[in-house]
Amino acid sequence: MSEDDNNMEDYPTEIHDYLAAFEKSLGSVDEMLKTMMSVSRGELLQKLDPLEQAKLDLVSVYTLNSMFWVYLATQGINPKEHPVKQELERIRTYMNKVKEITDKKKAAKLDKGAAARFVKNALWEPNAENEHTSKTAKGKKRQ
């Protein structure tokens with residue numbers, strides 16, 4: 001009997017796909033961590049603007065706390081009753097604030113000068129010729 005066959009007997013076959021997906025996800029996380037760890041934090045932060053630095057810090061701390069959440073679950077501890085839950089919620093709050101700032105930067109800005117010119121040109125302004133014809137027309141109607 002091979003080692004794979006022996007491992008297949010250790011858990012129900014119904015969860016094999018879930019375990020395979022989990023293993024693939026762990027591989028992706030491992031690759032991402034290796035990539036992030038290959039560059040010093042100082043070098044990385046120098047290349048980013050303050051908003052991008054905040055995003056990087058928030059993603060890093062959220063990832064770390066999420067991994068701790070998974071660790072607690074694998075140890076039989078309910079992470080929903082652990083302080084890590086409040087920490088994740090706090091981080092999410094800050095992530096939402098950063099997202100609002102990013103959205104405000106991306107939002108269309110009103111050019112007040114252009115808007116004023118647009119409105120001014122869109123409104124009808126009587127000129128001397130139009131005033132004369134309108135006065136004449138009013139005078140004829142009154143008579």
Side-chain angles (χ1 to χ4, degrees), residues 3-4 6-143:
E3 189 177 326
D4 287 339
N6 191 21
N7 287 340
M8 288 294 284
E9 293 174 11
D10 291 341
Y11 60 89
T13 57
E14 296 85 31
I15 63 169
H16 178 73
D17 292 337
Y18 293 113
L19 289 174
F22 181 68
E23 184 178 25
K24 183 179 177 183
S25 295
L26 282 178
S28 298
V29 169
D30 188 41
E31 287 177 30
M32 184 64 69
L33 285 174
K34 285 179 182 174
T35 302
M36 286 186 68
M37 300 302 279
S38 68
V39 178
S40 75
R41 182 167 166 72
E43 282 180 45
L44 187 59
L45 291 178
Q46 285 178 350
K47 296 176 183 176
L48 301 175
D49 67 345
L51 189 60
E52 294 297 321
Q53 291 175 7
K55 286 180 183 179
L56 176 67
D57 288 341
L58 286 169
V59 167
S60 299
V61 74
Y62 190 83
T63 302
L64 184 63
N65 280 285
S66 296
M67 291 173 73
F68 187 66
W69 174 288
V70 172
Y71 170 76
L72 290 173
T74 61
Q75 299 303 307
I77 300 170
N78 185 358
K80 292 179 183 176
E81 297 172 0
H82 193 275
V84 74
K85 181 179 182 200
Q86 286 81 23
E87 183 66 12
L88 285 168
E89 289 172 0
R90 185 179 73 86
I91 296 165
R92 261 192 231 116
T93 302
Y94 287 112
M95 290 174 111
N96 287 334
K97 287 180 181 181
V98 168
K99 185 178 184 314
E100 287 175 17
I101 292 169
T102 305
D103 290 346
K104 283 181 183 177
K105 281 187 172 184
K106 290 181 182 177
K109 293 183 174 73
L110 177 64
D111 182 355
K112 292 180 183 178
R117 288 189 302 273
F118 179 77
V119 170
K120 183 179 176 184
N121 290 328
L123 295 175
W124 179 77
E125 291 182 16
N127 56 24
E129 190 176 298
N130 288 340
E131 274 185 29
H132 179 68
T133 56
S134 62
K135 284 182 183 177
T136 310
K138 286 180 186 176
K140 288 182 182 177
K141 285 183 182 178
R142 288 186 187 161
Q143 289 177 357

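All heavy atoms count here, side chains included; hydrogens, waters and symmetry mates do not.
Remark: M95 CE to D57 CG distance equals 11.0 Å, nearest 0.5 Å. The OG atom of S40 sits 7.5 Å away from the CD atom of Q46 when rounded to the nearest 0.5 Å. Atom OH of Y94 and atom CZ of R90 lie 5.5 Å apart (nearest 0.5 Å). Note that the CG atom of N78 and the CH2 atom of W69 stand 7.5 Å from one another [nearest 0.5 Å]. Atoms CG and OG1, on L88 and T93 in that order, are 10.5 Å from each other to the nearest 0.5 Å. Distance check: E87 CD to L64 CG gives 9.5 Å after rounding to the nearest 0.5 Å.
In this structure, L44 and V39 approach most closely via the heavy-atom pair N-CG1, 4.1 Å. The nearest pair of heavy atoms linking K80 to K85 is O-CD, 3.4 Å.
Partners of F68 according to the ring pair (Phe, Tyr, Trp, His ring centres under 6.0 Å) rule, which considers only residues two or more places apart in sequence or in another chain, are H82.
For residues 21-31, the set of pairs meeting the side-chain hydrogen bond (donor to acceptor under 3.5 Å, both in side chains) definition, not counting sequence neighbours, comprises D30-K34.
The side-chain heavy atoms of S60 and L56, taken from C-beta on, include a pair separated by under 4.5 Å.
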T63 vs M67, test: side-chain contact (heavy atoms from CB on, under 4.5 Å). Steps then yes/no. CA-CA 6 Å; T63 302; M67 291 173 73; 4.0 Å; yes
Return a table of donor-acceptor pairs under 3.5 angstrom between the side chains of residues 47-55 and protein atoms on other chains or two or more places apart.
residue : atom : partner : partner atom : Å
D49     : OD1  : E52     : N            : 3.0
Q53     : NE2  : L45     : O            : 2.7
Q53     : NE2  : L48     : O            : 3.1

